[in-house]
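Take a look at the structure below.
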Number of protein chains: 2
Amino acid sequence: MTVRVFLVDDHELFLSGVRGELADRDRFDVAGWATDVDDAVAAIRRLVPDIVLVDVHMPGGGGLSVIRNVTETHPDIRFLALSVSDAPEDVIAMIRAGARGYVTKTIAGDELADALARTADGDAVFSPRLAGFVLDAFAGTLPQPDDPELDQLTPREREVLRQIARGHTYKQVARRLSISVKTVETHVSAVLRKLQLSSRHELARWATDRRIV
Amino acid sequence: MTVRVFLVDDHELFLSGVRGELADRDRFDVAGWATDVDDAVAAIRRLVPDIVLVDVHMPGGGGLSVIRNVTETHPDIRFLALSVSDAPEDVIAMIRAGARGYVTKTIAGDELADALARTADGDAVFSPRLAGFVLDAFAGTLPQPDDPELDQLTPREREVLRQIARGHTYKQVARRLSISVKTVETHVSAVLRKLQLSSRHELARWATDRRIV
DNA sequence: GGTCGGATCAGGGTGATCCCCGGTTGTCGG
DNA sequence: CCGACAACCGGGGATCACCCTGATCCGACC
């Protein structure tokens, strides 16, 4: 089964280079290409390719705009980001926008074809140096899922903690739990003391850091 | 350059299968193996391999424990998770713990060798069906990176907003920005009004939700 | 029966938060 | 020049957050 590829890059020469490279391979069928964001979005919506190879840095919003616009209407189309930049911000931004992979332009033709094929199959492809960034950033979203400190808290205190972390006032928590404001204060004080914190703001940060909300 | 591999799996048979598979390949040197968590952690710390192939489901905490314990003392050692399970929870948990890749046990010997080599090189390797989970989960950590509401705020208000979101009191913000507490109050009031919020706690939540901190 | 912890509530106090009103300065464009 | 706006500062007051002491009730445990 051939993979229908769409190319987006503001460099004509690079574009034709990729076209030439893919033309020799039976696996790929270059459905179309574009050199700016608006043309790309329109053409992709019309042609509905299997995968889009998109440059990151382009006038008019860059590859980010292309991915966001297209995925709104066609969430099934896959994106492989291609860039001269190996800056972590760029990589993270593209992945968060929905790109299924990210390779740098130093890549060889064979490798690019391999990356496209793998991405089309549902695999995730990153240039070696980039894979670390993505996984580090992802791992960083949850530092420690275990928490011996939470064991110090009674069930009721944990319940109050959750409510406070959500930003509710003492009064609101009291109503939700059908207890008095004074009881809420007692519980919050106990939690703050046990966790060595000093304010409900620190408490909220503490809770969101370990995803208790 | 050979890659020194350590194997962790509670199934002896599977373990010897992998050893046999890798023994034929010059690229790999199986530095050691273990069938439970404690032995694995001790041996890995002693041998310091380049990469650890670790089973996800094992008595004694599973691969998660191995990764967590080892990375505390040896953050440079890479991990490739290997499992019969393709459940999103397992995949996400392992990646968050620090695994550089995740493949299922349906994988062929050649593919496993390829995955190990790629992971050792710094690449990220996932079984095709799994890559989607990881990237979806990662993309899900940031729902809307655009924020039309932020445009309503003046630069100074945004600055104050960041400080408040970090949990600082008005007094602290005033000192940091070298302005009076009253001015901070004014800015905060403006921000709350413009963003249709009613307390600094909601504001903190609002800010952390869209990663402004 | 006594003791202990968990959960509930109250009074009283200090500081922080938030809103209302007011004001000054400076900049920018009509 | 004048209006609009951003940034700055103040008084006063209502409410909220946090801490302290002290209290009652209940169930578990020795």
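Below, read A as the first sequence line, B as the second, and so on, with proteins coming before strands; counting in each chain starts at 1. All values below come from the heavy atoms of this structure, side chains included, with hydrogens, waters and symmetry mates left out.
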Minimal non-hydrogen separation, [X] against [Y], with atom names:
X: A:A31; Y: A:L47; answer: O-CD1, 3.5 Å
X: B:A97; Y: B:I67; answer: O-CG2, 3.4 Å
X: B:G101; Y: B:L80; answer: C-CD1, 3.4 Å

Under the criterion side chain to side chain contact (heavy atoms under 4.5 Å, CB included), I'd like the reasoning laid out for B:V18 against B:L53: C-alpha separation, chi angles, the key distance, then a yes or no. CA-CA 10 Å; B:V18 174; B:L53 181 69; 4.0 Å; yes
For DNA chain C, find the residues of residues 172-180 of chain A with a heavy-atom distance under 4.0 Å and give them by number; none if there aren't any. A:I179, A:S180
Which residue pairs pass the ring-ring contact (aromatic ring centres under 6.0 Å, His included) test when at least one of the two sits in residues 158-203 of chain B, sequence neighbours left out? A:H201-B:H201
Side chain to side chain contact (heavy atoms under 4.5 Å, CB included) for A:M94 and A:Y102? Distances and angles first, verdict last. CA-CA 8 Å; A:M94 295 300 281; A:Y102 191 113; 3.8 Å; yes
Can you list everything that forms a side-chain contact (heavy atoms from CB on, under 4.5 Å) with A:T154? Sequence neighbours excluded, please. A:R156, A:E157, A:K194
On DNA chain C, which is the earliest and which the latest nucleotide, 5' to 3', with an atom closer than 4.0 Å to a heavy atom of chain A? C:dG6 to C:dT17
Please name all residues satisfying salt bridge (charged side-chain N to carboxylate O under 4.0 Å, His left out) with [X], sequence neighbours left out, ordered by chain then number.
X: A:K171; result: none
X: A:E159; result: A:R162
X: A:E202; result: none
X: A:E21; result: A:R25

Under the side chain to side chain donor-acceptor pair (under 3.5 Å) test, which residues partner B:R45, sequence neighbours left out? B:T73
Contact list (N/O, under 3.5 angstrom) for nucleotides 24-28 of chain D vs protein:
none

Under a 4.0 Å heavy-atom criterion, the protein footprint on nucleotides 11-23 of chain D, written with B, S and -, is BB---SSBB----
Would you tell me whether B:T183 and B:T186 have side-chain atoms, one donor and one acceptor, within less than 3.5 Å of each other? no
Output the distance between atom CG (A:L197) and atom CG (A:L195), rounded to the nearest 0.5 Å. 5.0 Å
Hey, what bend do you get for the helix from C:dG1-D:dC30 to C:dC28-D:dG3 if you fit axes on five pairs at each end, rounded to 10°? 30°
Considering only NZ, NE, NH1 and NH2 on the basic side and carboxylate oxygens on the acidic side, decide whether A:D9 and A:R19 come within less than 4.0 Å. no
